Amino acid sequence: MRFSGFRVIAEALTGHKGWKPLWRNPDPQPAYDYVIVGGGGHGLATAYYLAKTFRQARIAVLEKGWLGSGNIGRNTTIIRSNYLLPGNEPFYEFSMKLWEGLEQEFNFNAMVSQRGILNLIHTDGQRDAYRRRGNAMLLAGADAELLNRDQVREMAPYLNFDNARFPIKGGLVQRRAGTARHDGVAWGYARGADIHGVDLIQNCEVTGFRIENGRVLGVETSRGYIGAGKVGVAVAGSSSRVMAMAGMRLPIESHVLQAFVSEGLKPLIPGVITFGAGHFYVSQSDKGGLVFGGDIDGYNSYAQRGNLPVIEDVAEGGMALMPMIGRARLLRTWGGIMDMSMDGTPIIDKTPVEGLFLNAGWCYGGFKATPASGYAFAHLLATGQTHDTTRFMRLDRFERGHVIDEKGMGAQPNLH
Amino acid sequence: MTDLSPLSALGDALPLTIAIGPLTIRENAGMALASLTLRQGSGEPQPFGLHLPGPGGWKATDGIAAFWIGPGAWMVEAEGRAESDFAAALKAEARHCSVSEQTDGCVMFEITAADAAPIRALLEKLVNLDAQGFAPGSARRTGLEHMSVFVIRRAEGHLALLAMRSAAGSVFHAIETAARRLTAA
Amino acid sequence: MLIPHPLLGPRDAQEFTYLGDASLLNRPDGMAEGALPAFCDYVYLRDNPAGIHRELWFHEQGDRSWLVVTRNTLTHEILGAELARDVALRRQK
Amino acid sequence: MTRLSGGLIDRSKTLRFSFNGQGYTGHPGDTLASALLANGVRLVGRSFKYHRPRGIFAAGSEEPNALVILRGGARAEPNTRATVAELFEGLEATSQNHVGPLGFDLLAVNDLLSPFFAAGFYYKTFMWPKVFWEKLYEPMIRRAAGLGAMSMQPDPDAYDKGFLHCDLLVIGGGAAGLAAALTAARSGVRVILADEDFRLGGRLLAEGEALGDRPAPDWVAEAEAELVSLPNLRILRRTTVFGAFDHGIYGAVERVGDHLPTPATVRQTLWRITAKRIILAAGATERHIPFANNDRPGIMLAGALRAYVHRWAACPADKVAIFTSNDDGHRTAADLVAKGVQVTAVIDPRRDAKALGQYPLFAGSVVTDTKGRLGLSHVQITRDAAPVWIKAGVLGVAGGWNPNLHLASHHRGRPEWSEAHQAFLPAPAGGPPGLTVAGAAAGQGTTQAALMNGAEAARAALADLGISANLPDLPAASDAKGNQHPLWHVPGKARAWVDFQNDVTVKDIKLAHQENMRPVEHLKRWTTLGMATDQGKTANVTALAVMAELTGQSIPQTGTTIFRPPYTPVSMAVLGGGDTGPHFRPRRLTPSHEWAAAQGAVFVEVGQWMRAQYFPRPGETTWRQTVDREVLATRAGVGICDVTTLGKVDVQGRDAGAFLDRLYANPMASLKVGMVRYGLMLREDGHVYDDGTCARLAEDHYVVTTTTAQAGPVYRHMEFARQCLWPELDVQLISTTDAWAQFSVAGPNARRLLERVVDGFDLSNEAFPFMACAPLTVCGGLRARLFRISFSGELAYELAVPARYGNALMARLVQVGADLGATPYGTEALGVMRIEKGHAAGNELNGQTTAQMLGMGKMVSAKKDAIGTVMTRREGMLAETRALVGLQPVDPADPVTAGAHLFAEGVAQDTWSDQGWITSACFSPHVGSAIGLGFLASGTTRLGEVIVAANPLEGKSTRLRVVSPHFVDPEGGRLRD
């Protein structure tokens with residue numbers, strides 16, 4: 001069924017009787033050519049591109065809970081490609097380009113909204129660093145603009161310009177950045193994958209890998225054994241746990257990142273604003289809620305909930321940056337489990353087990369990467385070749401000494 | 001004696017004393033401070049006859065006091081001896097220990113009141129210490145508005161607050177704000 | 001969170017700075033044969049368990065002790081804490 | 001009929017207030033909601049999506065409908081629930097989310113178009129043409145969405161934070177909470193009783209019940225008087241405990257000044273409460289029953305209606321009907337009759353329902369429709385498919401009660417469905433450790449049970465702490481059960497609202513089911529159910545039950561919803577608390593700050609520090625003029641700069657040298673006493689962590705410096721090495737950063753200047769050579785330390801004195817050096833001189849740099865096991881060719897810009913041909929042009945080559961020559977003379 005405005009009108013006039021399930025609820029087959037472990041954003045996108053772009057058949061996505069219950073279901077919905085290093089920027093720009101045609105491609109309005117991101121500058125050193133970054137973005141084919149203080153003021157007059165501990169001296173803007181409706185992305189990919197024949201199997205937990213002679217044969221699940229030609233694991237947040245079942249230790253720690261939404265408010269900020277001096281970033285959803293976040297809680301956790309100090313820290317940052325939001329109220333908080341990698345950069349690679357592939361380590365950059373991650377992982381699974389944009393995101397980069405450390409924090413995941 | 005004139009941590013020629021409601025806040029510029037740390041096998045000294053307090057403790061005797069700052073480490077206070085080379089005097093009392101001069105490392109505010117109630121109320125607003133359980137003779141380092149501070153309960157109605165000297169203005173702002181709000185409430 | 005400091009009793013976790021897995025106590029010998037792979041493992045690989053985790057916390061706004069805290073990463077329940085120095089000395093013996 | 005007799009309001013005082021500009025009066029004790037109802041106002045707002053007229057639905061914090069903008073100007077507070085806004089003199093409130101007057105909202109057209117706005121419709125449309133999304137569709141949606149509008153002005157009120165500790169925290173001051181608090185407080189333990197209301201009592205104030213031989217409010221007053229008298233108990237009124245965090249830490253907001261025209265001190269205080277045990281006695285929230293057009297103003301929860309009548313003596317209409325599926329609704333009817341309100345019908349689907357008083361009972365009937373454009377006028381009652389219309393201005397709906405177990409599931413514990421209670425109850429395990437749920441929140445809904453249960457919960461909690469407490473004598477109270485017989489919705493074709501604020505109807509849930517959005521999380525996300533400001537308090541369980549009916553599964557099979565903080569929405573300002581302006585973060589001042597300020601210095605934030613950036617003099621019109629002068633004066637005469645901000649760590653002990661050998665990549669144990677050495681510190685991953693100097697003051701005593709930015713992390717790292725890696729070493733560390741004021745005295749006249757302040761100390765090159773250090777006295781006996789080190793490339797020293805003398809020493813040096821050209825300089829000149837000398841600083845040491853890149857690869861000693869050494873031997877790090885080079889424009893008029901990327905001439909400029917970047921740049925008065933430092937691929941072999949610096953961000957591209965990074969005195973003769 002194709003979605004369109006005409007369809008909505010036609011259904012409205014006929015009592016909505018014609019709407020079909022967005023996807024089937026199939027029972028698992030005994031075997032597939034490709035089994036994707038994880039029905040979050042990256043897993044669904046991988047299945048979608050495998051089926052649609054790489055024209056592979058017999059694909060299943062196995063999801064422990066409900067589709068989209070990974071971090072795609074709990075994030076701050078920001079899309080951007082404002083990275084610095086060659087190991088990252090071309091990849092995220094590739095993702096940005098996929099975002100730009102995504103909804104027309106999968107015929108689902110994921111509300112991709114390019115209202116821009118503004119990174120604030122408070123010191124001369126930061127301006128130098130952002131200039132380097134902005135240039136890196138332009139050199140990779142992305143867009144970037146460096147603003148002075150007056151230009152920032154014009155763009156966001158409600159920021160604290162006159163009474164701030166860390167005065168605003170400028171900003172780096174990416175106009176093509178913005179937000180997307182996170183659940184819509186998951187549903188769009190899920191529906192698209194289903195249309196192309198992918199079996200989306202919910203409530204199916206992978207409990208083990210069947211590996212013989214260094215080759216993966218299939219997966220044990222809560223719904224029985226499922227054979228597989230190739231297995232792609234895309235379970236950010238649980239990567240260490242799942243890969244431990246294949247006997248691997250990863251350069252990853254799991255950390256909780258909280259995010260927040262305010263009560264609905266009439267439009268007050270158009271795009272995304274980040275405040276590095278105070279650990280705060282914010283956008284406003286189409287429904288009117290301010291969506292904001294800050295630092296991770298900073299300790300290993302699988303608990304999917306955080307603690308009060310980070311809530312206070314984020315709110316402090318928000319108040320220092322935009323004192324006008326004082327009388328808005330925090331409505332909901334949640335905590336997602338991040339795959340914090342040792343250099344802050346993801347991993348998309350083969351593993352030492354033949355036929356077993358890994359997509360992990362997204363830190364808190366996973367949402368914006370969804371399209372490119374799915375595409376590149378599908379490329380790797382289908383062709384056996386690393387997609388050009390992920391050529392540095394290798395698992396062995398740590399031992400080879402080719403880390404991609406955007407923040408320069410070294411092997412301490414909670415600082416990335 | 002040097003012919004240079006010292007400044008108080010708040011940047012004035014004379015240290016500040018201010019009364020806010022029931023609380024008096026005084027910058028103690030006369031206190032000499034030196035840290036004392038045990039070395040391996042040094043044994044625990046009794047500088048100036050003072051039995052050093054255990055974890056979380058503060059002890060005083062005849063103008064000399066000490067508070068525990070970490071395993072095998074204390075800060076030793078000498079009232080009114082800021083101008084002397086107190087670290088050297090302490091080293092003489094604890095030859096086998098490591099001693100570092102700290103007099104100017106901290107700003108020290110002495111906060112006093114007639115009884116415990118205003119001190120407790122102030123503590124509740126400033127630091128995450130159990131204000132009632134923090135009895136006289138207690139000393140802790142803890143956080144205060146993104147700063148690290150030492151808090152000493154010298155008596156029921158007497159609190160000392162030590163912070164980085166360079167942050168004296170910020171610490172004082174926090175204390176003063178809390179005190180004024182308590183008074184106005 | 002409250003960290004049960006072995007000397008000071010329960011202290012708010014905000015006073016602490018987190019480092020990570022207590023396996024960081026087990027630094028390989030840099031002068032030994034095969035030091036490089038041992039260091040790659042030490043610096044980068046983690047068990048990252050969902051459950052009991054021994055980890056390093058520094059009492060930065062406190063007594064400046066490094067602690068080894070045993071904590072359940074699923075529930076955040078803390079099962080114990082000791083001075084890292086004691087753990088390290090014990091390991092050396 | 002509006003105001004009845006009785007109630008807990010102070011009729012001796014009248015408060016004036018306004019709603020949408022219209023003046024009204026109320027009394028102390030009123031909420032805005034009760035006062036509006038007492039004035040006969042039923043229409044107070046509009047719903048989110050369809051802009052349907054909405055009235056007051058509840059009497060507490062669960063209110064989904066009656067949202068207003070409270071106050072005006074910068075204090076305007078959107079989305080405020082009228083049901084919790086305490087009335088004060090002069091209160092102003094306005095309705096929100098409508099275009100045009102509240103009674104004639106132009107966006108109410110959405111309601112007519114509602115068939116087009118079914119659940120999830122927006123995912124299916126607005127995709128064509130693509131550019132219309134940002135340009136047309138989305139702005140339209142954004143304008144229509146949202147609820148209240150912000151003032152866009154800074155919040156003028158003050159906020160506070162604090163910390164409380166107790167043995168027992170009791171959350172909720174109703175029957176169970178009061179009984180718990182009494183039990184615990186009498187035993188002498190430290191108790192905090194927090195209640196979100198401005199008056200203790202909870203539902204005891206809302207019922208017409210007696211406790212023992214007195215009205216319940218009298219018993220509450222007596223209990224409260226006792227609690228207030230106990231020194232070990234603290235009552236936090238107007239305080240919402242909004243979150244249960246780890247290890248007994250609870251977040252609570254006390255609304256200190258929200259009930260006042262303007263706050264006396266702070267508006268709200270954020271309390272972080274650390275409790276050993278916690279009793280959650282938060283009561284229960286009544287459920288409604290979805291039926292056709294169940295959302296009109298005047299339709300409200302029956303229990304809320306009862307509360308308005310008893311506590312506030314307010315009834316908004318003459319004719320009242322009740323729709324109930326349980327006995328509790330009949331209580332409301334009986335109470336209303338007793339209060340003299342005309343009850344026109346009680347509609348109960350149970351055929352065997354019994355009346356509790358004198359009112360018309362429609363047993364075996366349901367409400368199937370309503371009328372009334374801006375407020376309820378008629379209710380349609382259907383029995384056996386035979387509808388009748390009756391008149392009613394208010395319809396109370398009683399669908400049973402849901403325990404307020406929210407905090408008990410804040411640790412992701414799942415509530416359990418109880419068939420007996422027909423409700424979710426707190427799970428026996430998985431809740432926050434130490435927390436017990438009591439009273440109606442635990443399903444103990446009768447007054448008698450709540451009192452007993454609260455007291456018993458307190459006794460058990462204390463027993464758990466090893467404290468015995470006696471149960472108090474509790475008054476006899478009602479044990480009338482509500483008898484829950486849920487009616488989850490009345491079937492029908494018209495829309496029946498489940499979530500009022502977000503306009504989610506039974507139809508939407510059916511559509512979600514039809515489209516396979518059946519898991520409860522999909523249901524919520526597809527329909528926006530439970531996402532409103534009431535967080536689903538009045539909707540979620542009902543929606544689950546409707547979905548369960550559709551799937552044919554039980555409610556627990558269909559799912560549960562768990563709750564996360566906050567329990568009710570919390571203002572951003574109070575969470576941020578404290579200072580948000582200049583005191584947002586601490587400000588550290590250097591010892592010479594006062595002097596610098598008096599000289600008119602311009603300051604700059606460097607981390608927490610405020611440092612003098614430059615010292616403008618009269619006649620200088622640009623900062624460049626000033627900085628050039630400071631640099632030239634230093635290089636020609638002598639300059640003085642406060643460098644106190646560098647971290648200083650005292651390292652003592654027998655093994656201090658051995659310890660530093662393991663911390664620094666280069667050797668330190670071999671350093672002679674009285675000498676200083678530059679130290680390079682790596683992270684264990686082999687990248688450069690920090691740099692600084694080590695001065696050996698004695699065999700067993702070093703002083704090391706760190707960069708300003710890394711002082712804290714490096715100290716922590718050193719303690720890690722000391723305690724965790726090499727505990728066997730005898731070494732002691734302590735920071736002395738603030739204890740010493742330190743000044744760089746640099747320039748050819750540095751020695752001559754210092755000779756004028758030292759007390760008989762031989763500064764000659766022979767006695768005190770480059771990299772020497774010594775303790776000494778200055779200015780007539782002041783203890784000091786002198787280090788002969790140089791960052792500027794000039795003959796230079798750093799002189800340290802006790803911090804309180806720093807200001808005077810700075811003044812003295814400038815004064816006594818006037819004839820030598822003594823010039824204070826700031827961080828800008830410092831930066832220029834270090835770039836001219838090719839010294840790395842923050843822009844180079846950004847955590848991504850290797851020793852090799854800095855040209856210091858050889859410093860990494862292979863002869864010892866220092867942190868980071870091994871990992872530098874990885875293939876990728878050995879293969880690194882980028883190296884620090886100097887850069888000079890081919891055309892001296894061209895700028896050099898930090899952040900530009902470096903390319904070979906003539907190649908395409910893209911990511912893959914990128915050869916490096918400019919890290920630092922400045923105008924060098926010494927060279928006479930702009931200069932820069934940068935990392936360049938194969939940089940060490942490219943001296944003399946012309947390359948291109950691309951800065952497409954600012955549309956500039958310049959040709960630069962690669963030169964040595966040492967623009968000044970490359971041989972280093974000056975600093976050794």
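Owing to the predicted nature of the structure, the values given are computational and were not obtained by experimental measurement. Computed from heavy atoms alone, side chains included, the values below leave out hydrogens, waters and symmetry copies. Lettering of chains follows the sequences in order, A, B, ..., and the numbering in each one begins at 1.
Ring geometry, A:Trp19 versus A:His16: the interplanar angle falls under 30°, so the pair is classed parallel (tilted spans 30 to 60°).
Residue contact with chain A, scored on non-hydrogen atoms closer than 4.5 Å, involves the backbone and the side chain of D:Trp526 alike. A:Glu11 does not touch chain D: none of its heavy atoms, backbone or side chain, sits under 4.5 Å away. Heavy atoms of A:Phe108 lying under 4.5 Å from chain D belong to its backbone as well as its side chain. Both the backbone and the side chain of A:Gln304 come within contact range of chain D, each with at least one heavy atom under 4.5 Å from a heavy atom of that chain. For A:Ile269, the part sitting under 4.5 Å from any heavy atom of chain D is the backbone (N, CA, C, O) and nothing else. Residue A:Arg7: no heavy atom, backbone or side chain, is found under 4.5 Å from chain D. When heavy atoms are compared at a cutoff of 4.5 Å, A:Glu312 approaches chain D by way of both its backbone and its side chain. A:Gln202 touches chain D through its side chain: at least one heavy atom from C-beta onward sits under 4.5 Å away, while N, CA, C and O do not. Of the atoms belonging to A:Trp23, heavy atoms from both backbone and side chain fall under 4.5 Å from chain D. Interface remark: D:Tyr159 contributes side-chain atoms only to the contact with chain A (heavy atom separation under 4.5 Å). Of the two parts of A:Leu85, only the side chain, counted from C-beta on, holds a non-hydrogen atom closer than 4.5 Å to a non-hydrogen atom of chain D. When heavy atoms are compared at a cutoff of 4.5 Å, A:Asn160 approaches chain D solely by way of its side chain, counted from C-beta outward. If you measure heavy-atom distances from A:Val403 to chain D, the contacts under 4.5 Å come from the side chain alone. D:Asp579 does not touch chain A: none of its heavy atoms, backbone or side chain, sits under 4.5 Å away. Heavy atoms of A:Pro157 lying under 4.5 Å from chain D are absent altogether. Proximity to chain D is limited to the side chain of A:Leu138, based on heavy atoms less than 4.5 angstrom apart. Contact annotation for D:Gln153: only backbone heavy atoms (N, CA, C, O) come within less than 4.5 Å of a heavy atom of chain A. The parts of A:Pro86 that come within reach of chain D are both its backbone and its side chain, each placing non-hydrogen atoms under 4.5 angstrom from that chain.
Here D:Arg75 pairs with D:Asp157 under the side-chain hydrogen bond (donor to acceptor under 3.5 Å, both in side chains) rule; sequence neighbours left out. Under the rule for a side chain to side chain contact (heavy atoms under 4.5 Å, CB included), the partners of D:Asn846 that lie at least two apart in sequence or sit in another chain are A:Arg132, D:Gln848, D:Thr849.
By number of non-hydrogen pairs under 4.5 angstrom with chain A, the leading residue of D:Ala921, D:Ser920, D:Gly899 is D:Gly899. Options D:Met150, D:Lys510, D:Glu77 differ in how many heavy-atom pairs under 4.5 Å they form with chain A, and the most are formed by D:Met150.
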*Apply side-chain contact (heavy atoms from CB on, under 4.5 Å) to the pair A:Lys17 and A:Thr14, showing each step before the final yes or no.*
CA-CA 7 Å; A:Lys17 292 200 176 63; A:Thr14 55; 5.7 Å; no

*Please assess D:Leu67 against D:Gln501 for the test side-chain contact (heavy atoms from CB on, under 4.5 Å), listing each intermediate value before the final yes or no.*
CA-CA 9 Å; D:Leu67 304 181; D:Gln501 192 181 118; 3.4 Å; yes

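A donor-acceptor pair is defined here as one N or O able to donate and one able to accept, closer than 3.5 Å; such a pair exists between the side chain of D:Asn843 and the backbone of D:Thr919. Remark: the backbone N or O of D:Gln535 is not paired with any side-chain donor or acceptor of A:Arg332 at under 3.5 angstrom.
Using a 4.0 Å cut-off between a side-chain N of Lys or Arg and a carboxylate O of Asp or Glu, A:Asp194 and A:Arg191 do not qualify as a salt bridge.
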